[in-house]
Amino acid sequence: QVRLVESGGGLVQAGGSLRLSCAASGTILSIYTMGWHRQAPGKQRELVAHITSGGSTNYADSVKGRFTISRDNAKNTVYLQMNSLKPEDTAVYYCNADVQSYFSRRDDYWGQGTQVSVSS
């Protein structure tokens with residue numbers, strides 16, 4: 001089994017920063033793309049950023065220049081540094097990973113989510 005656990009969410013004032021972490025564990029053979037999505041109340045889940053195993057990144061237009069995604073392949077961990085936060089960034093943030101495990105087929109796994117709240 002593969003498990004993703006997020007941490008680092010919380011309440012912050014507009015203009016502040018937070019750093020999210022997501023660690024993958026379990027019977028992992030390889031991790032390909034890792035990413036962050038978010039879902040605000042009443043809205044669909046949307047992609048925030050993703051990063052390939054080679055380090056190529058992609059960002060939603062709404063976060064470009066403010067958020068930075070990175071990963072530590074040795075620790076099977078992906079990070080999201082969020083700066084200049086805005087109230088509209090308030091959402092539950094989910095990490096996901098495309099994983100090949102030892103005992104099952106390659107699949108997409110999701111964390112349980114972490115709440116980020118930005119006050120004005």
Just to verify, what does [X] make a salt bridge (charged side-chain N to carboxylate O under 4.0 Å, His left out) with, not counting sequence neighbours?
X	value
Arg106	Asp98
Arg66	Asp89
Asp107	Arg105
Lys64	Asp61

Interatomic distance, [X] atom [atom1] to [Y] atom [atom2] [nearest 0.5 angstrom]:
X	Y	atom1	atom2	value
Phe103	Gln1	CZ	CD	11.0 Å
Cys95	Leu80	SG	CG	10.5 Å
Ile69	Ser56	CD1	OG	11.5 Å
Asn73	Ile31	CG	CD1	7.5 Å

Between [X] and [Y], what is the shortest heavy-atom contact and its length?
X	Y	result
Thr77	Met34	C-CE, 4.3 Å
Ser120	Ala14	CA-CB, 4.4 Å
Ser84	Ser17	N-OG, 4.4 Å
Val2	Ser101	CG2-CB, 4.0 Å
Leu20	Gly9	CD2-N, 3.6 Å

### Message
Does the Lys NZ or Arg CZ of Arg45 fall within the cation-pi geometry relative to Tyr94 - under 6.0 Å from the ring centre and within 45° of the axis?
### Response
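The answer is yes, since Arg45 meets both limits relative to Tyr94.
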### Message
By the ring pair (Phe, Tyr, Trp, His ring centres under 6.0 Å) test, which pairs, at least two apart or in different chains, include something from residues 56-93?
### Response
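Pairs touching residues 56-93 that pass the test: none.
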### Option from His37, Arg38, Gln39 for which side-chain contact (heavy atoms from CB on, under 4.5 Å) with Glu46 holds
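The side-chain contact (heavy atoms from CB on, under 4.5 Å) with Glu46 is passed solely by Arg38 among His37, Arg38, Gln39.
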### Task
Kindly state each residue pair satisfying salt bridge (charged side-chain N to carboxylate O under 4.0 Å, His left out) with at least one member in residues 16-26, sequence neighbours excluded.
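As it turns out, there is no salt bridge (charged side-chain N to carboxylate O under 4.0 Å, His left out) pair with a partner in residues 16-26 once direct neighbours are skipped.
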### Message
Run Ser117 and Gln115 through side-chain hydrogen bond (donor to acceptor under 3.5 Å, both in side chains) and show every step you take.
### Response
CA-CA 6 Å; Ser117 299; Gln115 177 70 45; 3.3 Å; yes
